[in-house]
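Below you'll find the structure, written out as structure tokens, and then a few comments.
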Amino acid sequence: MEIKGRFDHFNINVTHLDRSLRFYEKALGLREVGRKEAADGSFILVYLGDNTTGFRMELTWLRDHPQPYELGENESHLCLRVEGDYDEARRFHKEMGCVCFENEQMGLYFINDPDDYWIEILPVK
């Protein structure tokens, strides 16, 4: 048997849903494309899309988990390619105060979201 998988979504848990939604829209242009709320209010799932690919990012908010999430060494990361002037995008992210690592030799940088998840930023090439 050969399994043929395809990417659908990537999930992260967030402590403040509205703050995360604002960040992802402002920093990366990702917008809400779907939502599921538990009838008892115990969780909210929000799916973000880029309006280009079918890939979605799922933000999960859990009512009973208000403390920060333990991210270990934060070696896992999401990567997005940004269109337009890459240096202008980097300046914008620096103005937002969210650039957490730069590697100029490799031509890349990382931003961190409000829950300290790292997101690699690359140009569209």
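We count residues from 1, following the sequence as given.
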(request) Please say whether more than 12 non-hydrogen atoms of neighbouring residues, nucleotides or ligands are located less than 6.0 Å from CD in Q105. (result)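 Counting neighbours around CD of Q105, 12 or fewer heavy atoms of other residues, nucleotides or ligands fall under 6.0 Å, so no.
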(message) Within the supplied structure, the quantity of interest is the number of heavy atoms (other residues, nucleotides, ligands) at a distance under 6.0 Å from N51 CG; does it exceed 12?
(response)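 No - once you tally the heavy atoms of other residues, nucleotides and ligands closer than 6.0 Å, there are 12 at most.
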(message) Distance alone, cut at 3.5 Å: any donor-acceptor contact between the side chains of D113 and Y24?
(response)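 Checked: D113/Y24 side chains pair up, N/O donor to acceptor below 3.5 Å.
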Minimum heavy-atom distance [X]-[Y], with the two atoms named:
X: R19; Y: P114; value: NE-CB, 3.2 Å
X: G107; Y: L122; value: O-CD2, 4.2 Å
X: F92; Y: K26; value: CE2-O, 3.4 Å
X: L17; Y: L59; value: CD1-CB, 4.1 Å
X: M57; Y: L78; value: SD-CD2, 3.4 Å
X: N112; Y: F23; value: O-CZ, 3.6 Å

Side-chain heavy-atom pair [X], [Y] within 4.5 angstrom cut-off:
X: R56; Y: D8; answer: yes
X: F110; Y: I119; answer: no
X: N13; Y: Y117; answer: yes
X: L28; Y: I111; answer: yes

Point-to-point distance, once rounded to the nearest 0.5 Å, from [atom1] of [X] to [atom2] of [Y]:
X: L21; Y: L30; atom1: CG; atom2: CG; answer: 10.5 Å
X: I12; Y: H77; atom1: CD1; atom2: NE2; answer: 13.5 Å
X: T15; Y: D115; atom1: OG1; atom2: CG; answer: 3.5 Å
X: L80; Y: D50; atom1: CG; atom2: CG; answer: 7.5 Å
X: Y69; Y: D116; atom1: OH; atom2: CG; answer: 14.5 Å

(message) Between E120 and L108, is the side chain to side chain contact (heavy atoms under 4.5 Å, CB included) condition met? List the steps.
(response) CA-CA 7 Å; E120 182 178 359; L108 59 87; 3.4 Å; yes
(request) Under the side-chain hydrogen bond (donor to acceptor under 3.5 Å, both in side chains) rule, collect the residues that match up with D18, sequence neighbours excluded. (result)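 Counting only residues at least two positions away or on another chain, D18 forms no side-chain hydrogen bond (donor to acceptor under 3.5 Å, both in side chains).
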(message) Same cluster or not: F7 versus V124, using hydrophobic residues (I, L, V, M, F, W, Y) connected whenever any side-chain heavy atoms lie under 4.5 Å apart?
(response)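 No, because F7 and V124 fall into different hydrophobic clusters, even though each may have its own neighbours under 4.5 Å.
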(request) Please confirm whether the backbone N or O of W61 pairs with a side-chain atom of R63, one donor and one acceptor, at under 3.5 Å? (result)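 No, because the side chain of R63 does not come within donor-acceptor range (under 3.5 Å) of the backbone of W61.
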(message) Looking at H93 and E95, would you say the former's side chain and the latter's main chain have a donor-acceptor pair under 3.5 Å?
(response)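 Not confirmed, H93 side chain does not pair with E95 backbone.
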(request) Salt-bridge test for E32 and R35: reply yes if a basic N is under 4.0 Å from a carboxylate O, no otherwise. (result)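 Between R35 and E32 there is a salt bridge, with a charged N closer than 4.0 Å to a carboxylate O.
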(message) Looking at E102 and K94, is there a salt bridge between them, counting it only when a charged N and a carboxylate O are closer than 4.0 Å?
(response)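 Here K94 pairs with E102 in a salt bridge, since their nearest N and O are under 4.0 Å apart.
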(request) Assess the pair F55 and H9: is the distance between their ring centroids shorter than 6.0 Å? (result)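 Centroid distance F55-H9: not below 6.0 Å, so no.
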(request) Classify the angle between the aromatic ring planes of Y109 and Y86 as parallel (below 30°), tilted (30 to 60°) or perpendicular (above 60°). (result)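 Taking Y86 first and then Y109, their aromatic rings sit tilted (interplane angle of 30° to 60°).
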